[in-house]
Amino acid sequence: MRALQPTLSRLPTAGVLCALAGMTATAVAAPVSVSYGRFIETKTIGSPIEAGHTLRVDGNLVDASLPSISNTLFFAPASTTLALTAGWLVEPAQNRTVGVNIDLYDFNHALVASDVFQGITGSIAHSELKASNLIAGALYQLVLTGTADQVGRYALALTAGAPSPVIDVLSPTSPLASQVLFDTHKGWKNAGVTLSNGDHLLIDGKMTDDSINAVSNEFTFTSTAGALSAGIEWIVGQPDNPERTIGVNVDLIDSADMLVASDTFVGLQGEQGFSQFLATGLEPGTYTLRFSGTAPAGSRYQIHLNTDLLPPGFQPITDVAPVPSVPEPRSSVLLCIGLAGLGLARRSRRQLRQR
């Protein structure tokens, strides 16, 4: 069983139509937004933060039983300079975050820079962090610590190679304790809550980072129930589906790092895979649910975790965008021929009218 505090051991080792037909556009990494929903949580951004791009980090910490915050982000800037702006709510009381400290460490865990408090505007406190002489493409670690009364609320805007924008909007939100979100390929969360008989938890995977295909999402929680069951769905579809996830494996691990249960593949429902597991006779204690597989950016999965003897049935992922169709090379050639013929016909008609 892994320790509940994040450590460095979690390091992750239009133009002319005919000219465009059949060509594959070069992918450009888009700015990434990630969110933290738990007081103790580690994430890894797979692709470098490109110069001029802003990474938005949104904190909406719903596990009220853990007031001490430790949110860690591993990332690689594609620039030698970084600028970060932080904002956190000091009111209302249920969203109040205090004692905020933001530190930037290098790969050797040496402190590179810390944030400097800038003051309070309305209900939002502000700080800034600036770092220079970084190694472009090297791995860095950003750590946010503090204390929140109930539902901690904060936001970070981190930009490589340019000043970061001002955070002037930060609204309080209500807790969603029955849902857990993973939005990076590599991430670990400590639930900070205890599941008991009759509880249900939705674990939602929406991979927003790219260049990391190996998915490793781990969720640590405490359970007093004698049974745990799960229904797992993931996008399969066609081989070129940008949300396709393959090699899915879901394991339940106990506090001694012993395997308790693994999912069993049930079948396909449309373009989504489905599996289940059931573990009975469990002792009260700490468990980790581990989801692994291979997927590109945009992959999707969901785990419905129950504390009863009946594994959840198939529940389709409904918020998946349709995959746009791409003309095959032969179709593209026919399209070019058709367009050329249409142009010749129009030219001939114009010449006839001019005679």
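Checked by atom type, the side-chain pair T288/T220 shows a donor-acceptor distance below 3.5 Å. Side-chain contact of D199 with N197: a donor-acceptor pair under 3.5 Å is absent, judged by distance alone. Between the side chains of T44 and T184, no donor-acceptor pair of N or O atoms lies under 3.5 Å. A donor-acceptor contact closer than 3.5 angstrom is absent between the side chains of D204 and Y301.
Listed for the K43 side chain is a donor-acceptor partner under 3.5 Å among the backbone atoms of S35. Between the E128 side chain and the A83 main chain, no donor and acceptor come within less than 3.5 Å of each other. Of the possible polar contacts, none joining the N108 side chain to the A110 backbone as a donor-acceptor pair under 3.5 Å is found. The main-chain N or O of I69 is never found under 3.5 Å from a side-chain atom of T145 such that the two would form a donor-acceptor pair. In this structure, the side chain of T307 engages the main chain of S196 through a donor-acceptor pair within 3.5 Å. In this structure, E41 contributes its side chain and R38 its backbone to a donor-acceptor pair below 3.5 Å. Without hydrogens or angle criteria, H304 side chain to G313 main chain gives no donor-acceptor distance under 3.5 Å. Between the R153 side chain and the G59 main chain, a donor and an acceptor come within less than 3.5 Å of each other. Of the possible donor and acceptor atoms, none in the side chain of S127 sits under 3.5 Å from a partner among the backbone N and O of D115. Under the 3.5 Å distance criterion, the side-chain polar atoms of E50 are left unmatched by any main-chain donor or acceptor of P48.
In the hydrophobic clustering, L181 connects to no other residue, as no ILVMFWY side-chain heavy atoms lie under 4.5 Å from its own.
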Checking side chain to side chain contact (heavy atoms under 4.5 Å, CB included) for the pair I45/L73: CA distance, chi angles, key distance, verdict?
CA-CA 7 Å; I45 301 296; L73 178 70; 3.6 Å; yes
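Considering every non-hydrogen atom in both I203 and F219, the closest pair reads CD1-CD2, 3.9 Å. The nearest pair of heavy atoms linking R244 to I246 is NE-CG2, 3.4 Å. Across all their heavy atoms, A230 and P311 have their closest contact at O-CB, 4.2 Å.
When hydrophobic clusters are built by joining Ile, Leu, Val, Met, Phe, Trp and Tyr residues whose side-chain heavy atoms come closer than 4.5 Å, directly or via intermediates, L156 is grouped together with I120. Under the 4.5 Å side-chain contact rule for hydrophobic residues, L310 and L228 do not share a cluster. When hydrophobic clusters are built by joining Ile, Leu, Val, Met, Phe, Trp and Tyr residues whose side-chain heavy atoms come closer than 4.5 Å, directly or via intermediates, L268 is grouped together with I232. Hydrophobic clustering (side-chain heavy atoms under 4.5 Å, transitive across Ile, Leu, Val, Met, Phe, Trp, Tyr) groups V100 together with V90. No chain of hydrophobic side-chain contacts below 4.5 Å, direct or via other Ile, Leu, Val, Met, Phe, Trp or Tyr residues, connects L289 to V266.
Counting only residues at least two apart or on different chains, no ring pair (Phe, Tyr, Trp, His ring centres under 6.0 Å) pair has a member in residues 115-171.
Within 6.0 Å of CD1 on I135 lie no more than 12 heavy atoms contributed by other residues, nucleotides or ligands.
Under the ring pair (Phe, Tyr, Trp, His ring centres under 6.0 Å) criterion, F277 pairs with no residue at all, not counting sequence neighbours.
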